[in-house]
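Whatever order the structure lists ligands and atoms in, that order sets their numbers, starting from 1.
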Amino acid sequence: MNPPKAPRSRILATGHYLPPIVRTNADLEKMVDTTDAWIWERTGIRERRVAPPEIVTSDMAAAAGRSALDAAGISPRDLDMIIVATVTPDMPMPATAAFVQQKLGATTCPSFDISAACAGFVYGLTIADQFIGSGGAERVLVIGVELLSRIIDWEDRTTCVLFGDGAGAAVIGPAEPAGPDDGKPPRGILSTCLFTDGSLAPSLWLPGGGSLHPASHDVVDKKLHKVAMKGQDIFKAAVRNLYAASKRAMDLAAMTHADIDWVCAHQANLRILNQVMARLGVDEAKVLANIERVGNTSSASIPILLDENVRQGKIVPGDTVLLCALGAGVSWGSAVVRM
Ligand code: ACO
């Protein structure tokens, strides 16, 4: 194993926002032909959050961003870049990041969206790390945000039980020149790896509203403006690829599962998580989870979970955390970070 490169950037602080409406499995029992028992056993979800009509994606993103900036003690005016990972933008054009920039009161720093679905936060983190590493930026706000309740078919029991709304954020800045003198690598983003397999695109998509099927009455009648998913294809791709990517990120950081303090994985399905962790040999006690309370919030999933555990004092400075996520594309990735 080659020794890892010194980290170029690190997570300075995190934040998150969850909208106020709680939709339980019992609520869903009244909407579609499902049961609390089925949802719980197959997914590990009990309830999820839903945004009220007056809240849009950029509101949730700005709230999460503000909370991360406050925790970092950094003014929005000090940001060099805003990256918003989302598949539920305010509108197709312009980027949601442009609205977030205005709502935060940031400068004219470059602000753009990326579309990597549930893997969006790991993609955003990697882009921030690259920009900081190359000297192109010093302080980058990465936000994962989804308002999935607006693009879900609430009559389709195979998808509507899975997803929730929310936003998570991280402020990324330069790594410290020297880490704590404990024989471990310095604090920072120690490794990242990203992948996409476009052959699986039809397994999870929302085909309407783009250049292939522009908005029309017909598109709406056929529900092409709603999420459609082949759940088992995604399940198999997730178990296979999250294992391989996590292994790769640990190899790049010259680490094994024994060096990992916490796993902060995308919360898609508890069964996926358990199977991946069993294959990696990770102790269950290290695996963080909040899927029971928030469901699958796609790109917001990892930063919400990370921030909850930082604020609860479970993840402390110096802890090594493995991140991994897979979603539509299919796109997936993993990272090892020392907080
Ligand atoms: N309630 C009750 N029954 C249901 C429900 C429901 N909500 N949904 C499906 N069923 C039924 C099916 O119709 C099927 O019935 P049948 O046997 O009579 O045909 C039966 O339950 C089993 O269905 P499966 O699809 O085989 O169930 P499975 O065990 O695969 O679980 C699930 C389905 C939970 C969707 C699982 O496949 C999964 O989690 N896949 C991954 C999904 C995922 O992570 N998606 C997000 C990716 S991230 C992103 O980019 C947004």
Side-chain angles (χ1 to χ4, degrees), residues 23-48 57 85-89 114-124 144-168 194-198 200-207 226-243 245 265-276 289-292 294-305 323-334:
R23 188 162 289 171
T24 65
N25 290 351
D27 296 330
L28 290 173
E29 284 178 349
K30 294 177 202 134
M31 297 165 70
V32 286
D33 179 16
T34 192
T35 60
D36 171 50
W38 192 96
I39 303 171
W40 171 246
E41 279 159 25
R42 300 287 177 125
T43 70
I45 301 168
R46 289 275 191 216
E47 60 188 42
R48 67 289 291 145
T57 300
T86 189
V87 291
T88 49
I114 55 169
S115 176
C118 304
F121 183 75
V122 180
Y123 269 68
V145 56
E146 302 294 359
L147 218 164
L148 292 158
S149 63
R150 304 261 162 95
I151 61 163
I152 286 165
D153 176 1
W154 287 102
E155 292 175 349
D156 175 8
R157 69 174 183 174
T158 67
T159 52
C160 76
V161 301
L162 302 175
F163 300 104
D165 299 336
L194 304 176
F195 306 89
T196 299
D197 178 357
L200 289 172
S203 297
L204 179 54
W205 65 11
L206 185 159
K226 299 290 180 187
V227 170
M229 181 179 75
K230 294 178 188 138
Q232 289 196 1
D233 291 357
I234 296 290
F235 195 105
K236 286 181 210 149
V239 172
R240 187 174 64 244
N241 294 320
L242 289 176
Y243 164 74
H266 170 47
Q267 305 287 290
N269 185 317
L270 217 47
R271 287 187 297 142
I272 294 175
L273 200 55
N274 291 341
Q275 289 187 26
V276 173
N290 63 4
I291 189 169
E292 181 173 352
V294 302
N296 178 348
T297 58
S298 190
S299 66
S301 177
I302 287 178
I304 292 172
L305 184 62
L323 314 178
C324 61
L326 175 139
V330 294
S331 288
W332 68 99
S334 183

Any side-chain heavy-atom pair of Trp154 and Leu28 under 4.5 Å: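 Yes - at least one pair of side-chain heavy atoms lies under 4.5 Å apart.
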
Min side-chain heavy-atom separation Thr158-Met229 under 4.5 Å: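 No; the side chains remain at least 4.5 Å from each other.
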
Write none if no such pair exists; otherwise list each N/O atom of ligand 1 with its protein N/O partner under 3.5 Å and the distance.
| from | atom 1 | to | atom 2 | distance (Å) |
| --- | --- | --- | --- | --- |
| ligand 1 | 1 (N) | Thr34 | OG1 | 2.7 |
| ligand 1 | 3 (N) | Trp38 | NE1 | 3.4 |
| ligand 1 | 3 (N) | Arg157 | NH1 | 3.4 |
| ligand 1 | 7 (N) | Thr34 | OG1 | 3.1 |
| ligand 1 | 7 (N) | Arg157 | O | 2.9 |
| ligand 1 | 13 (O) | Arg157 | NH2 | 3.0 |
| ligand 1 | 21 (O) | Trp38 | NE1 | 3.4 |
| ligand 1 | 26 (O) | Gln232 | NE2 | 2.4 |
| ligand 1 | 27 (O) | Arg42 | NH1 | 3.2 |
| ligand 1 | 29 (O) | Arg42 | NH1 | 2.7 |
| ligand 1 | 29 (O) | Arg271 | NH2 | 3.1 |
| ligand 1 | 37 (O) | Gly231 | O | 3.3 |
| ligand 1 | 39 (O) | Asn269 | ND2 | 2.7 |
| ligand 1 | 40 (N) | Gly231 | O | 3.0 |
| ligand 1 | 50 (O) | Ala328 | N | 2.8 |

No-hydrogen, no-angle side-chain donor-acceptor test under 3.5 Å, Thr86 and Glu146: yes

Test: Asp36 and Arg46 ion pair at under 4.0 Å: yes

Under the salt bridge (charged side-chain N to carboxylate O under 4.0 Å, His left out) test, residues paired with Arg157 that sit two or more places apart: Asp33

Evaluation steps, side chain to side chain contact (heavy atoms under 4.5 Å, CB included), between Cys324 and Tyr243: CA-CA 9 Å; Cys324 61; Tyr243 164 74; over 6 Å; no

